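Comments concern the structure below.
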Amino acid sequence: MLLLWRMRRLCVRCYLISMPKKNESENCSIIEWIVDNGIKNEKGDLIEFRDHPYQYDIIRDVSPFLCVLKAAQIGMSTIEILKNHYDAKMRKMDIIYTLPTDADAKTFVDSKVNRIIANNPCMQKDTKDHDTVEKKKIGDSMVYFRGTWTDKAAIMITADRLVHDEKDSSKQSVVADYQARLQHSKYKQIHVFSHPSVPNNGVDIEWCLSDMKEWFITCPHCLKRQYLSWDTEDEKRMSVDLILKCYVCKSCRKELSDSDRRKGKWIPRKGKEQAKYSGYHVSLLMSPIHSAQSIIDKWNEVVRGKQTADFFYNKVLGLPYTGSGNAVTKNVILGAVTKDKPDYNSRIVIGVDTGLKQHYVYGTRNGIYGYGQMDDFMPDNINKLPLDRTVEYFLKKFDNSIMVIDVGGEIIQSRKLRQKYPGRVFLCHYVRDRKTMQLIRWGEGDDSGNVLVDRNRMIQLVIDEFKDKRIKLYRGDEDAYYDYWLHWSHIYRTVEEDKSTQMPRYVWVRNDADHLIHSTVYWRTALDRFAGTGSVYTPQNETRVPNSYIIDPDNTVDASLNRLIMAREEIGDDWRN
């Protein structure tokens, strides 16, 4: 084992010697410290730069203002832990390291910082005098770990360096308050790194103030210098061949090997005289351990509707995402109308938005077959309605059909319907899943019969699928779907501050009736789980199949949009607001 350790250490030394050197005046001794002490990460693996060549210049960068616009899981936290430990010891710097919440800070210290210290005797020796979850004494210096959710987090501690990890998920007002903690320092350093969210917010602010360095490689075939990028619409800006499933030169389109991607150089896109921050953009495209196939797989999740484009751009490409526009145009919706005949041999799914009337959208994985409204959920002795004036009509008519119902507008009748049709009726709850970023999460065990959906991201997904022509509108023409389009015209996208994090985020808001939008979201939610399963009873008597774009079972068409709007608008405490 000792021989193996020495061989690995020698390999790391040889690789580091081969790396390009900066000016002699710059501090490179952190690399010597890592190699001489055989520094390991939290898993016990030696720190190496062969598979993380882009990290080499970042860890050696001694700029007072450092910014990294990054994808998820690229090893930046480990690099910053080592930089902080080394500078606290050698340069006697007090450091404040922030994460979004106190719980995040505790988890980070327990699962990463403490494990790195435990795996390195030299670091254990440095921290033996004072070592807690909230702070580490390193030599004569202190490193503090703090959350950003309370105003108290930023007071009472002075520092020489602020490190903001995952700034885009942090409470922005408290992050700003920390600037005052540097007033009496001779260093006054700020390090910011995060996967981005939206433009001009979070880490993107520091990135725009930086020299914007990209990892440039040279194609061995045509000698074209370039950085790797992603653009499915423009081949000249696309570094991945989706057919051959490999990285390619954007100029000659020949394959780039892992070795080609390793041999890169950070080149600024903006002059240093114009920049306050030394900035680096790190995407998974430049990482030798991420194959083209793995990137394509992540993109295909977006294409299949399992993930949103913002997740791909933020977490894979390390870029802020602007979305597809702030309004839904008429062409986007009515451009989906087709005269093709619907196929009733696929499982029917229905989305229902509850209220004074029960608005519905129904269809299959092929598209939407109709929309409209019903008076109630089920016939009973109080409403004395016929079956075909209630949403139960669909469950009776289409054997094995699935229905997802909004739980926010009505809580009693919807639950009765779910109890009557277990495994076929599900109640939808709008939530935000900050940890897993899941769009849709189906309940299990005691939560069976419920489904959790990220409201704003799911609306965005449906809009994107309309734009990509992945959703069709059957059994009608543009006039037939005009009222359906009007509901889409009543929403717009804006940026508002998240109340919990004080972080800006995109939100779809309404200025008029939007019931059919949510019905569509619930229909699309059902497809996530039931699109390709089960069988559907096909009636022999085709006249029983709904024969208009709006299925009012009394064979009338209710096109009084004003009545629909005014009826719902009388409810001032709409749960979506």
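This structure is a prediction, so every number in the text was calculated from the model and none was measured. We count residues from 1, following the sequence as given.
- Around atom CD of Gln293, more than 12 heavy atoms belonging to other residues, nucleotides or ligands sit under 6.0 Å away.
- Judged purely by distance below 3.5 Å, without hydrogens or angles, the side chains of Ser229 and Lys250 pair a donor atom with an acceptor atom.
- For the pair Arg261 and Tyr247, the distance from NZ or CZ to the six-membered ring centre is under 6.0 Å and the angle to the ring normal is within 45 degrees.
- Remark: the Ser519 side chain and the His359 side chain contain no N/O donor-acceptor pair separated by less than 3.5 Å.
- Inspection of the Trp442 and Asp528 side chains reveals an N or O donor paired with an N or O acceptor under 3.5 Å.
- With respect to the salt-bridge test (charged N to carboxylate O, under 4.0 angstrom), the residues Lys330 and Glu478 do not qualify.
- Taking the ring centre of Tyr421 as origin, the terminal cationic atom of Lys416 falls outside the region bounded by 6.0 Å and 45° from the ring axis.
- Using modelled atom types, one finds a donor on one side chain and an acceptor on the other under 3.5 Å when comparing Gln460 with Asp464.
- Taking a 6.0 Å sphere around CZ of Arg237, one finds it holds 12 or fewer heavy atoms contributed by other residues, nucleotides or ligands.
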Would you sort out whether Tyr474 and Tyr344 count as a ring-ring contact (aromatic ring centres under 6.0 Å, His included), showing the intermediate values? CA-CA 12 Å; Tyr474 288 86; Tyr344 283 91; 9.5 Å; no

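- For the side-chain hydrogen bond (donor to acceptor under 3.5 Å, both in side chains) test, no residue two or more places apart in sequence or in another chain qualifies with Asn41.
- Side-chain N/O atoms of Tyr227 and His281 include no donor and acceptor closer than 3.5 Å.
- Tyr371 and Tyr481 have tilted rings, their planes meeting at an angle from 30° to 60° on a 0 to 90° scale.
- Taking Lys420 as the reference, Glu392 meet the salt bridge (Lys or Arg N to Asp or Glu O under 4.0 Å) condition, with sequence neighbours excluded.
- With sequence neighbours left out, the salt bridge (Lys or Arg N to Asp or Glu O under 4.0 Å) criterion links Asp297 to no other residue.
- With no hydrogens or angles considered, no side-chain donor-acceptor pair links Asp483 and His487 at under 3.5 Å.
- Other residues, nucleotides and ligands contribute only 12 or fewer heavy atoms inside 6.0 Å of the CG atom of Asp446.
- Not one N or O on the side chain of Tyr362 forms a donor-acceptor pair closer than 3.5 Å with the backbone of Gly372.
- Asn450 and His429 share a side-chain donor-acceptor pair at under 3.5 Å.
- Formation of a donor-acceptor pair under 3.5 Å by the Ser294 side chain with backbone atoms of Ser291 is found in this model.
- Heavy-atom minimum distance, Ser77 versus Asp165: OG-OD2, 3.1 Å.
- Residues Arg424 and Ser401 bring a donor and an acceptor atom of their side chains to less than 3.5 Å of each other.
- Looking at Lys106 and Asp102, no side-chain N of the basic residue comes within less than 4.0 Å of a carboxylate O on the acidic one, giving no salt bridge.
- One finds no salt bridge joining Asp477 and Lys339 here, because no Lys/Arg side-chain nitrogen approaches an Asp/Glu carboxylate oxygen to under 4.0 Å.
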